[in-house]
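In each ligand, atom 1 is the first atom listed, and ligand 1 is the first ligand listed. Since the structure is predicted, the reported quantities are computational estimates derived from the model, not experimental observations.
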Amino acid sequence: FTDLESEQIARFQEYLRIRTAHPSPDYAGAAAFLLPYAASVGLRTTTLHFTPCKTKPLLLLTWPGADPSLPSVLLNSHLDSVPAEPEHWAHPPFAAHRDAATGRVYARGAQDDKCLPIQYLEAIRGLRAAGFAPTRTLHISLVPDEEIGGADGFEKFARSEEFRALNVGFMLDEGQASPTDVFRVFYADRLVWRLIVKAAGPPGHGSKMFDGAAVDNLMDCVETVARFREAQFGMVKAGERGPGEVVSVNPVYMKAGIPSPTGFVMNMQPSEAEVGFDLRLPPTGDIEQIKRRIKEEWAPAHKNLIYQLMQKGPSTDVAGRPIFTATNESNPWWSLFEQAIISAGGKLSKPEILSSTTDSRFVRQLGIPALGFSPMTNTPILLHDNNEFLEDKVFLKGIKVYEHIIRALTSFKG
Ligand SMILES: CSCC[C@H](NC=O)C(=O)O
Ligand SMILES: [Zn+2]
Ligand SMILES: [Zn+2]
């Protein structure tokens, strides 16, 4: 590695060592690292707050363009990470250990998405060194709380006067790693719903066989949902649909039983039981059809089941259309992005729907085009997983890719 490359890897490790994982992300630590860093590459910095306690900063970094009248380009990244269970990791999740043999940097957030701000800032450093000056203004937003839904983060930001004033024409946000040598890009997120089903039934002796116990009723629900899930997953396994193109429904918690000092009472069948599902639909998915299914098949009242269905985030854009970004000639930003990847020597896969959810949805909802992209090829998908890592060479290559992307997007005069 060159001296610069070694420094870039060290900066990545330094950021990974700041504990920005939930449930108590060190946002102050992240800001104390990122703000002077951004200033050192010549960016203007601002800190916004959308909570009264001011514990959730949103950092805004700006590289002014020669023509501030043109809509700007926004690069986004969330500051927070999901928690890690250190006992299941080969290396401590906040040590950012670099394995000398493989170059893998292990840390919570290595892929999701703490590589991004370092790559953005180092790309800007590289472009400045090459004498490049943007025509359009470039903004970077570093936002809190994406992993918990963004209510105090991008959701409030997107509704703010400060956001409107940025006059954003296009946004790039996180994507997902690619196990092959082809870059992946995402033009939509799925819609997020939460489903809670509660069962009731007569209690009874643990030894008694009878119909209609609460757990019996709940199992009916879980089995019906499992059959639907198998059919959806089957289409993914068969390669007929991408993972973002089907409805996913996964049980995420189950609750039943009568607690006792040593655990649960073992010889009583409880009168209540409950299950929670994470439910996701493609942006064009038919929620009315799913609602009918829940009412008639998954949680019918005649089986003593009641349910709550809650939507998390928007289901259409401000004009009432499904939320996705065009990936054809109708969207000039798409062509610029595609060309930038080619000029960086990369190949791009067919645009996909992301199976999970990002802050992009708040921007797309406003009718502003946004793509999900994380430049990580030949990398296993380890977001939210144990032993999350990113290889140093892949990380460094990403910096070069962003140089091409930033150059192309901020030079667009159309
Ligand atoms: C309710 S929005 C939740 C956002 C979250 N994002 C990343 O994992 C997700 O579950 O996809
Ligand atoms: Zn993420
Ligand atoms: Zn995540």
Lys400/Glu403 ion pair, N-O < 4.0 Å: yes
Check ion pair Arg184-Glu352 (N to O, under 4.0 angstrom): yes
Proximal ligand 1 atoms for Gly149, defined as those under 4.0 Å from one of its heavy atoms: 2 (S)
Which of the ligand 1 atoms, numbered from 1, are nearer than 4.0 Å to a heavy atom of His384: 8 (O)
Residue, atom name and distance, where the atom is the protein heavy atom closest to atom 7 (C) of ligand 1: Glu147 OE1, 3.2 Å
Minimum-distance protein heavy atom relative to atom 5 (C) of ligand 1: Thr357 O, 3.8 Å
The Zn ion (ligand 3) to Asp112: nearest N/O/S atom name: OD2
Name of the Glu147 atom (N/O/S only) found closest to the Zn ion (ligand 3): OE2
Name of whichever N/O/S atom of His78 is nearest to the Zn ion (ligand 2): NE2
Identity of the N, O or S atom of Glu174 lying closest to the Zn ion (ligand 2): OE1
Proximity winner for atom 10 (O) of ligand 1, if only heavy atoms of Lys312, Glu155, Arg361, Arg280 are counted: Arg280
Gln311 touching ligand 1 at heavy-atom level, < 4.0 angstrom: no
